Amino acid sequence: MNILSDIYTALPEFFVLCMAMLILIVDLFLDDTQRYLTYALTQLTLLGAAVMTAVAHSNAVGYAFSGLFVDDAMAHTLKLMIYLSTSVVLVYSRTYIALRGMFRGEFFVLILFAMLGMMVMVSGQNFLTLYMGLELLSLCLYSLVALDRENARATEAAMKYFVLGALASGMLLYGMSMLYGMTGSLDLTQVSAAIMGGELNHPVLILGLVFVVAGLAFKLGAVPFQMWLPDVYHGAPTAVTLFIGSVTKLAAFAFVMRLLIQGLQILAHDWQGMLIIMAVLSIIIGNVAAIAQTNLKRMLAYSTISHVGFLLFGFFSGTMNGFVSSMFYIVAYVLMTLGGFGIILLLSREGFEAEELDDLRGLNVRSPWYAFIMLLLMFSMAGVPPTVGFYAKFAVMQAALQAGHVGLVVFAVLMAVVGAFYYLRIVKLMYFDEPLDAAPIQPPLDMALLLSANGLAVLAFGLLPERLMGVCATAILHSIQ
Amino acid sequence: MTLLLSFSEIVFYFLAAVLLYAGLRVITTRNPVQAALFLVLAFFTAAGIWMLLQAEFLAITLVLVYVGAVMVLFLFVVMMLDINLDRLREGFWDYFPLAGFVGVLMAIEMVMVLGTRHFGADWVIEPAPHAADYSNTAELGHLLYTDYVLPFELAAVILLVAIIAAIALTMRRRKNSKYTDPAQQVKVKRDDRLRIVKMQADVEQSVGIDGES
């Protein structure tokens, strides 16, 4: 195939790559007072990539690079969401990283390369592409966590993340090689066809599948592969936690969709059981352990684990409706996480990290508006109507019900009620307790506007979920056969 | 089935035996330098087995990259670090029963799945032997720059990220560092460094000999 048409199909990726390298060089010639140029260039890159993806958007499925790269509606939609949330991450973290000496070119370059990795993952149609994208993303994340070098806790978190992440990558790769050995192909479509053709050795396929699922579960943060998550969330600089907690989950969703649904759907009978166990354990451990946390970042980490459990409900339903609901859930989750960590960044100031629950005490007295935004976000995470979190939980539960998992749904709803405790505790702290410190909250204008919009979006998408649901449905239906 | 082995089979069993021995010694030897050297042996014999499979490019790369570069680096690190083996071995026998149990259990499971029943030679179709002038390296190169150009480029990007990350994490430009600019150094004049202080030669009022006025 013609290399130019290949590059044209993957134009956003090449654009981001070139811009990242350009920023890397431009940043060398800037001194600290001109560093805002790096920031502006990064935002411009996101905008440019978004325009390119939006222009190329269609419901047709296109392939490039000998079928290693796919260009479909799901890839477009998720990429647009990745650009948007990365942009929001940068706006939220700008003041925070500037005050902590991390407002350097490397931060932005690594974020862009991580985003490139995610874009490759979202468009991966081959074990090799998916794996390379994942490694690109992971490598950037490890170093981003450790970027605040003077911080011993961040270094420790980075070490843990790196060692466990390498182990998980190894497992994933082992599983993939097992599947390759059996099916003779790395291409998802051909793997699927080879398994469908039968005559393959089932136990070995399952062994490969187990390793692949274990690797995926680690990257998602599902129990029993969740150990790294609280430590990394807690140890990493909050700006990086915001990035890891929100944007990367979109790529993880695409990763699961490509591998399990597009590639290995024929083995659905086998992976469903594994996902059910992980979903149930994630919801229990996530919700129960979160109650015991006094650190807000750790609490949100356990909350992530429980959200992953709910997300898996949509996957193991194994229906189109389930996948659409999962996508809706992940988008809602990203929206809520951006807001939640955004509030932590908002309350942090020079030499002070607002990461303890007590730091939220009496937020209503200090700033009624941001207390209200946090209230919306917490309600949404707990799944209180009419927020988007409620609708997301409702959709995955409905999909699981249709697939006949009544007992599991009842259990999940009960655990959601348990989980509501620690979200509502934050609301109680904000509204009924006296503030411990009276430092004024003065975010820059762009962050103030965006954070407000973020909070209100949680409410708006909860009241009118049809539009977002429609986008998710179009993306899935035109991509998964 | 004849009892006589073909030449390539004899070579295979020899290499496999050496590989297993070397692999075992890597984890059982008490001396880290010896362990690293046994790992070199393991890589080398593994390369020999790959050569038997007609994957000569991979075999040569394994020797060049792993034996030649990675393991040498590894040896340097092992020799430079002062590894306290007693601390590493602390608690070994406390954990041994549980670890041994888990290890044996995993081995049994692996044998059950990966044993000859599911994973033997019968399951793998023997690839047709290639002609003598067939070049594995040329084929790989061709594939790498045509069908697999995207992962190839991505690997390049990953290496770039590794460089950026390594520099970002280790390069420290401190304000109080003792860094000297060579250009400034060569331009220095005597007057910049040397100050002659006139003092009275007085024996009784001896101040220090460091010359501070």
Side-chain angles (χ1 to χ4, degrees), chain A residues 1 3 6-7 10 13-14 17 20-21 24 64-69 102 104-107 109-110 112-114 116-117 120 123-124 126-133 135-140 142-144 146-147 149-150 155 158 178 181-182 184 186 200-208 210, chain B residues 46 50 53 55 58 70 102 105-128 139-177:
Chain A
M1 195 185 260
I3 189 83
D6 282 348
I7 290 180
E13 277 81 359
F14 279 88
L17 174 64
M21 292 195 280
L24 191 64
F65 295 102
S66 346
L68 266 74
F69 184 93
M102 286 161 61
R104 292 183 287 153
E106 294 90 48
F107 180 84
V109 170
L110 285 173
L112 279 184
F113 275 121
L116 178 66
V120 172
S123 276
N126 187 293
F127 285 153
L128 214 50
T129 331
L130 284 169
Y131 180 72
M132 295 305 257
E135 279 309 286
L136 183 54
L137 167 67
S138 308
L139 211 60
C140 294
Y142 305 145
S143 36
L144 276 172
L147 203 59
R149 291 179 309 202
E150 311 302 323
T155 314
M178 207 65 96
M182 275 296 115
L186 288 169
L200 287 180
N201 193 338
H202 199 63
V204 180
L205 280 179
I206 300 306
L207 189 73
V210 169
Chain B
W50 283 358
L53 293 171
L58 285 179
V70 175
V102 173
L105 204 67
M106 274 170 66
I108 293 174
E109 283 174 353
M110 295 293 261
V111 168
M112 276 165 69
V113 179
L114 298 177
T116 45
R117 192 159 57 93
H118 294 303
F119 225 63
D122 306 340
W123 285 96
V124 184
I125 308 138
E126 195 178 344
E139 286 298 311
L140 267 176
H142 187 251
L143 269 182
L144 215 51
Y145 287 100
T146 52
D147 286 358
Y148 290 95
V149 69
L150 181 68
F152 184 70
E153 294 297 328
L154 281 172
V157 178
I158 290 179
L159 286 178
L160 176 65
V161 167
I163 296 171
I164 299 170
I167 294 175
L169 294 183
T170 53
M171 198 176 78
R172 288 159 190 274
R173 196 176 284 150
R174 291 198 176 148
K175 293 275 188 293
N176 59 352
S177 75

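Note that the coordinates shown come from a computational prediction; the quantities given were computed from them, not determined experimentally. The sequence lines fix the lettering, A, B, ..., with proteins before strands; numbering per chain opens at 1.
For Leu169(B) against Arg149(A), the heavy-atom pair with the smallest separation is O-CD, 3.0 Å. Considering every non-hydrogen atom in both Pro151(B) and Met132(A), the closest pair reads O-CE, 3.3 Å.
With a 4.5 Å cut-off on non-hydrogen atoms, Ile206(A) does not touch chain B at all. Using a 4.5 Å cut-off between heavy atoms, Ala166(B) does not touch chain A at all. Using a 4.5 Å cut-off between heavy atoms, Leu144(A) does not touch chain B at all. With a 4.5 Å cut-off on non-hydrogen atoms, Leu110(A) touches chain B through its side chain but not through its backbone. For a residue to count as touching a neighbouring chain, one of its non-hydrogen atoms must lie under 4.5 Å from one of that chain's; by this rule Met112(B) does not touch chain A. At a 4.5 Å heavy-atom cutoff, the contact between Leu147(A) and chain B is made by backbone and side-chain atoms alike.
Interface check for chain B: of the options Leu24(A), Thr129(A), Val109(A), the most heavy-atom pairs under 4.5 Å are formed by Leu24(A). In terms of heavy-atom pairs under 4.5 angstrom with chain B, the leader among Glu135(A), Glu106(A), Arg104(A) is Glu106(A).
Atom CG in Leu186(A) sits 11.5 Å away from atom CG in Asp147(B) (nearest 0.5 Å). Atoms CG and CG, from Asn126(A) and Leu150(B) in turn, are 9.0 Å apart once rounded to the nearest 0.5 Å. Atoms CD1 and OG, from Ile158(B) and Ser138(A) in turn, are 9.0 Å apart once rounded to the nearest 0.5 Å.
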Leu17(A) and Glu153(B): CA distance, side-chain angles, deciding distance, side chain to side chain contact (heavy atoms under 4.5 Å, CB included) verdict: CA-CA 11 Å; Leu17(A) 174 64; Glu153(B) 294 297 328; over 6 Å; no
